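Below is one structure, written out as structure tokens; comments come after it.
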Amino acid sequence: MLQPPPAEPGMHEQEIDTPALVLDLDSFEANLDRMASLLEGTGVKLRAHAKTHKSPVIARLQMQRGAVGQCVQKVAEAEVLAWGGIPDILVSNQVVGHRKLARLAALQRISQVAICVDGPEQVDSLEAAAAAAGTRIAVLVEIDCGGSRCGVEAGPPTVALARRIAESPHLIFGGLQSYHGSAQHIRAPEARAAAIAHAVELTRRSVEQLRQQGLDCAIVGGGGTGTFGHELASGVYTEIQAGSYAFMDADYARNAEPPPFRHALFVLSTVMSRAIPGVAVLDAGHKAVAIDSGLPLVAGRPGLRYAGASDEHGKLLVEDGAPPALGEKLRLIPGHCDPTIDRYDWYVGVRGGRVECLWPIASRGAMA
Ligand code: PLP
Ligand code: MN
């Protein structure tokens, strides 16, 4: 059930009902501007990943700053963006199943929605779905560029799959998807650079072999918040797919000192118990903030440590300074932004201590 908004425009931040997802608009806009200026003049475009933000409003703000489109992982996410008026979407993922493919084909009437494959059966079922809907679908070949998750082997198997797409009358060969997921969070910068150097080499060779066969890649996409600088500098990639950069979670901030983007996303939480000395308990446990990439940090309060999360309780240890008061509201920096956002129905946009806007997290829970 959609929850009512936890705030109204004009309210003070301290009046927002908690737990709530607060977007610091100054920092958020600075992050969007920073990415736009890093890409400016490079010829490489941003196709930001909407699996992070789940919002056509944020997609539009990215596109106003030069993003060519959006990535999603699920057909349901593509539907929400298309219905929200986003014209150019890439499902940067495999999709299997007749009903999902029929929805993807139907969506082509309102937006251009491309998709990835890593095997011949997926090509054939996409061709059947596009033919049944009387449409054409752009299809990218996903290669395994080192992450060993999805993706066909680079080189000749990639060329064979691209040819199968090109020879399918209702499909268009759209290029390569080459995203190295596990490299994003490799902590040591040199090891991260080495992983992407390998990915770039595999991608470069595949693009070249495709070109020799007359198969040109309109898109060569990849790169997330942890590595996009390397893909950008490679001369091979045409599109970067970063998502988390807009918000910057605690885990990504551990990748670089100083972090290249600002913390813009917070879970606002209230101290609901002070019964035990040296401890303050918040109303935000792991149902309110994702802990798969580590516990949240308490923003602006170095003496307070979020030390444990149960379903509905967050346990703070007072390590230095005064404890927070009962009823005090604190900003938590989530360890991982994507699944945290997916727990909320609303972004509460805050500027200068006041609520400025409320945006729905429109594709919350869009898993199909
Ligand atoms: N592209 C793809 C295909 C992804 O799966 C992801 C995240 O998992 C991203 C890009 C980048 O996301 P982020 O910048 O949030 O790490
Ligand atoms: Mn993530």
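Remember, predicted model here, so these are calculated numbers, not experimental data. Order of appearance sets the numbers: ligands from 1, and atoms from 1 within every ligand.
- Looking at ligand 1, you'll find an N or O of S244 within less than 3.5 Å of one of its N or O atoms.
- An N or O contact shorter than 3.5 Å is missing between G224 and ligand 1 by distance.
- Applying the 4.0 Å criterion to heavy atoms of T225 picks out, from ligand 1, the atoms 13 (P), 14 (O), 16 (O).
- Checking only distances, Q73 does come within under 3.5 Å of ligand 1, N or O to N or O.
- Under 4.0 Å from ligand 1, the heavy atoms of Y252 that appear belong solely to its side chain.
- Nearest N/O/S atom of D338 relative to the Mn ion (ligand 2): this is OD1.
- Neither side chain, Q241 nor E231, offers a donor N or O lying under 3.5 Å from an acceptor on the other.
- Among protein heavy atoms, atom 4 (C) of ligand 1 sits closest to Y179 CE2, 3.3 Å.
- Considering CG of D118 and CD of Q177, their distance stands at 11.0 Å, rounded to 0.5 Å.
- The aromatic rings of H185 and H336 sit perpendicular, their planes meeting at an angle over 60°, well past the 30° parallel limit.
- Shown are H12, M11, E13, E15; of these, the side-chain contact (heavy atoms from CB on, under 4.5 Å) with R354 is made only by H12.
- The shortest side-chain heavy-atom distance between F28 and I58 falls under the 4.5 Å cut-off.
- Atoms of ligand 1 lying under 4.0 Å from any heavy atom of A242, numbered from 1 in the order shown and given with element: 14 (O).
- Taking a cut-off of under 4.0 Å to the non-hydrogen atoms of R149, the atoms of ligand 1 that pass are 5 (O).
- In summary, H336 places an N/O/S atom under 2.8 Å from the Mn ion (ligand 2), meeting the contact criterion.
- When heavy-atom distances to ligand 1 are checked against a 4.0 Å cut-off, T52 comes that close only through its side chain, counted from C-beta outward.
- Neither the backbone nor the side chain of E142 comes within 4.0 Å of ligand 1, counting heavy atoms alone.
- Contact check for L38 versus F228: side-chain heavy atoms found under the 4.5 Å cut-off.
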Side chain to side chain contact (heavy atoms under 4.5 Å, CB included) between R192 and N255, worked out: CA-CA 10 Å; R192 211 156 63 231; N255 260 8; 3.4 Å; yes

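- Taking only nitrogen or oxygen atoms, main chain and side chain alike, K51 reaches within less than 3.5 Å of ligand 1.
- Sparse packing is recorded around CG of D320, with 12 or fewer heavy atoms of other residues, nucleotides or ligands lying under 6.0 Å away.
- Backbone and side-chain nitrogen or oxygen atoms of S92 are examined, and none is located within less than 3.5 angstrom of a nitrogen or oxygen of ligand 1.
- For Q241, heavy-atom contacts with ligand 1 shorter than 4.0 Å involve the backbone as well as the side chain.
- Side chain of E153 to main chain of D144: no donor-acceptor pair is present (N/O by atom type, distance under 3.5 Å, no hydrogens or angles).
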